[in-house]
Amino acid sequence: MQKPSIPEGTRDFGPEQVRKRSYIFDTVRSVFVKFGFQPLETPAMENLGTLTGKYGEEGDKLLFKILNNGDFLVGADPEALASKNSTKLTATIAKRGLRYDLTVPFARYVVMNRGTLSFPFKRYQIQPVWRADRPQRGRYREFFQCDVDVIGSDSLLYEAELVQIYDEAFANMKLPVVIKINNRKVLFGIAEAAGIADQFTNMTVAIDKLDKVGIEGVRKELNERGVPDTAIAVIEKILKTPDFQSLKPIFANSETGLKGLEELERVFQLLSKSPLRNELKFDVTLARGLSYYTGCIFEVSAKDYQMGSIGGGGRYADLTGVFGVPGLSGVGVSFGADRIYDVLEGLNLFPENISESVKIMLASFDEPAFEYAFQCATELRAAGVSVEVYPEPGKLKKQFEYAAKRGIPFVAIIGEREMESKTLTVKDQKSGEQWSANVGEVAKRLA
RNA sequence: GAGGUUGUAGCUCAGUCGGUUAGAGCGUCGGUUUGUGGUUCCGAAGGUCGGGGGUUCGAGACCCCUCAUCCUCCCCA
């Protein structure tokens, strides 16, 4: 016999969990719809070429590849096979992979359908993604993302609206969050001001860790990554500036840096007259790993709960360019549904009635009563009541226990008396109150 | 990719220095004499101690390998 198991980093979702997850999906979806976004779904697998090279070196390593069907070794590169060069070999034995996020498949879709879409094209997408990461707290190998993106406009209106979407969705879930915003152009401006434009990526990964390792740690990391001391001094000074306005003089010689500041200013200005319920904060250390971001970038974290970011996103000026259609600027954000789930669970923020599935259960004493119950159930359902019949007549104790365990709020008892009077005896499981009525009235009272 | 943690009943875990027939709580099932559950009482079922190898008169415990798990780093949602 074999002990059943599921792959590392994956989970089953029981009835309760699916219901809670749907609550998150429904909440964000209704906000997306309110802002005019349309639904889209794409396949779980993409051609590997679509995925590789979009997420940076680290991202490529975390792609799940799908082994070719049939005799895959026939097409394998013999040299790579002999020399055990996995990277090279993979390219010849796997031509498909599981999607790593929803943004890149979206860009692929837009390019393939550009003739029929009207721009700006706004879509939302709620689907699982897969990453071959090492699982740990708040990190899974299969997890759901809820993405909203708009492509085909570089208007900063959308940056502002995405902030509002984050704000409203989390407010609706009663989850206090901090929305952090930065701009990749600002980060580039820092690199230019420090005279290390060629070490841009090294710099961003180092300063991204500021809140984790402190200024000392950042200094050390920059040093290890070969950034000269003079440049480190400039970076440190910038990290200490309180707001983005005061970066202006420092960026005097960085056209890109100034452009980034201008963009941030515009977003804040648009939002200035529409109050947010959550905190929006400029954070110069926010970097974001995905290499396709070019403008504003966002990240959301829960205020009262220890968890990595529960959402992130940003502006990508030319993601469709790699698919042969340049000049389509896009911006979007993602909600990490599984982490949001963990946070809501940890803070006990799921609504209470979420586990209620069926309104009433019919219990019966004997075979005639059971058959009568079956008829009553049909009538109740016709009246729009969700109802369940206990599968066999008999002892009430058993039937009541089942109803209690399932969290069914009402139980109707059916025996000779009820059949004679053509009524149901209904018990409110919470209060213990009991009343009798005919089927029509019962349906009315439960509605 | 690197480091560590933990694997004993369906679940959460005890199990002393290596010593007889491996325990508890919760859950499950049955009963408490047949029209009322979430409370009490009684009873029962349920274990290849993750798997394989080794040391020993003797291994759940010690050693090696392996698989799984959770956590940390890297990176990320």
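Chain naming here is simple, since letters A, B, ... match the order of the sequence lines and numbering starts at 1 in each.
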Legend entry - C1' gap between B:G27 and B:C64, integer Å: 38 Å

Inset, instruction - Choose from B:C75, B:G37, B:C71 the nucleotide whose nearest atom is closest to any side-chain atom of A:Glu401. - result: B:G37

Legend entry - B:G58 and B:C11, which share atom name P, separated by this distance in whole Å: 33 Å

Legend entry - Sugar-phosphate only, base, or nothing, as touched by A:Glu221 at under 4.0 Å among non-hydrogen atoms: nothing

Inset, instruction - Could you check whether A:Gly311 gets within reach of a base, just the sugar-phosphate, or nothing at all, counting any heavy atom under 4.0 Å? - result: sugar-phosphate

Legend entry - Whole angstrom value for the distance that separates C1' of B:C75 from CG of A:Asp60: 13 Å

Inset, instruction - Look at the side chain of A:Gln429 and decide which nucleotide, out of B:G37, B:G35, B:C76, has an atom nearest to it. - result: B:G37

Legend entry - P atoms of B:G46 and B:C63, separation to the nearest Å: 33 Å

Inset, instruction - Would you kindly compare A:Ser309 and A:Gly9 by the position of their nearest RNA chain B nucleotide and give the one closer to the 5′ end? - result: A:Gly9

Legend entry - Aromatic ring proximity A:Phe244/A:Phe268, centre distance under 6.0 Å: yes

Legend entry - Closest to side chain of A:Leu396, choosing from B:G3, B:U36, B:C75: B:U36

Legend entry - Among B:G35, B:G1, B:C76, the nucleotide that comes nearest once only the side chain of A:Arg339 is considered: B:C76

Legend entry - Nucleotide nearest A:Gln136 (side chain, heavy atoms from C-beta), chosen from B:C71, B:G35, B:A77: B:C71

Inset, instruction - Answer with yes or no after comparing the ring centroid distance for A:Phe335 and A:Phe170 against a 6.0 Å cut-off, counting only values under it. - result: yes

Legend entry - A:Lys405 side-chain N/O to B:U28 phosphate OP1/OP2 under 4.0 Å: yes

Inset, instruction - Give me the ring orientation class for A:Tyr292 and A:Tyr316: parallel if the planes are under 30° apart, tilted from 30 to 60°, perpendicular past 60°. - result: perpendicular

Legend entry - Short side-chain donor-acceptor distance under 3.5 Å, A:Tyr109 and A:Gln125: no

Legend entry - Aromatic ring pairing A:Phe144/A:Phe13, orientation class (parallel under 30°, perpendicular over 60°, tilted between): perpendicular

Inset, instruction - Take the protein atom CG of A:Leu286 and the nucleotide atom C1' of B:C75, then report the distance between them rounded to whole Å. - result: 15 Å

Inset, instruction - For B:C26 versus B:A14, give the span between their C1' atoms, rounded off to a whole number of Å. - result: 14 Å

Legend entry - Distance-only polar pair, side chains of A:Asp167 and A:Asn278, donor-acceptor under 3.5 Å: yes

Inset, instruction - Return the nearest nucleotide to the side chain of A:Arg139; candidates are B:G37, B:C73, B:C76. - result: B:C76

Legend entry - Interatomic distance where CD belongs to A:Glu418 and C1' belongs to B:U36 [whole Å]: 12 Å

Inset, instruction - May I have the distance from A:Arg134 (atom CZ) to B:U72 (atom P), rounded to whole angstrom? - result: 13 Å

Inset, instruction - Considering non-hydrogen atoms only, spot the tightest contact between A:Asp60 and A:Thr52 and give its length. - result: OD1-CA, 3.6 Å

Inset, instruction - Can you tell me, in whole Å, how much space there is between the P of B:A24 and that of B:G15? - result: 15 Å

Inset, instruction - Using the P atom on both, measure B:U8 against B:C75 and round to a whole Å. - result: 34 Å

Inset, instruction - Could you state the atom-to-atom distance from OH of A:Tyr140 to P of B:C71 in whole Å? - result: 8 Å

Inset, instruction - Check if the side chain of A:Glu58 and the base of B:G1 share a donor-acceptor pair of N or O atoms closer than 3.5 Å. - result: no

Legend entry - Side chain of A:Ile413 - closest among B:U36, B:C75, B:G1: B:U36

Legend entry - Interatomic distance at C1', B:C49 relative to B:G18, whole Å: 15 Å

Inset, instruction - Name the residue closer to the 5' end of RNA chain B, choosing between A:Asp133 and A:Lys430 according to the nucleotide with the nearest heavy atom. - result: A:Lys430

Legend entry - Rounded interatomic separation in angstrom, taking CZ from A:Arg141 and P from B:C75: 18 Å

Inset, instruction - Would you classify A:Gly394 as touching base, sugar-phosphate or nothing, given that sugar-phosphate means primed atoms plus P, OP1 and OP2, and contacts are heavy atoms under 4.0 Å? - result: nothing

Legend entry - Nucleotide forming a Watson-Crick or wobble pair with B:C41, both distances under 3.5 Å: B:G31

Inset, instruction - Verify the contact: side-chain N or O of A:Lys395 to OP1 or OP2 of B:U36, cut-off strictly under 4.0 Å; return yes or no. - result: no

Inset, instruction - Compare the aromatic ring of A:Phe400 with the six-membered base ring of B:G38 and state whether they stack according to the 5.5 Å and 30° rule. - result: no

Legend entry - Span that lies between the P atom of B:C71 and that of B:U33, in whole angstrom: 49 Å

Inset, instruction - Among B:A77, B:G37, B:G35, find the nucleotide with the atom closest to the side chain of A:Arg131. - result: B:A77

Inset, instruction - Please determine, for B:C26, whether a Watson-Crick or G-U wobble partner exists with both distances under 3.5 Å, and give it or none. - result: B:G10

Inset, instruction - Determine whether any donor atom in the side chain of A:Glu8 lies under 3.5 Å from an acceptor atom in the base of B:U69, or the reverse, and answer yes or no. - result: no

Inset, instruction - Provide, to the nearest angstrom, the distance between the NZ atom belonging to A:Lys54 and the P atom belonging to B:C76. - result: 17 Å

Legend entry - A:Lys397 side-chain N/O to B:G31 phosphate OP1/OP2 under 4.0 Å: no

Legend entry - Heavy-atom closest contact (A:Gln199 atom, A:Gly226 atom, distance): OE1-O, 3.4 Å

Inset, instruction - Specify the separation, in whole Å, of atom CD of A:Gln145 and atom P of B:C76. - result: 13 Å

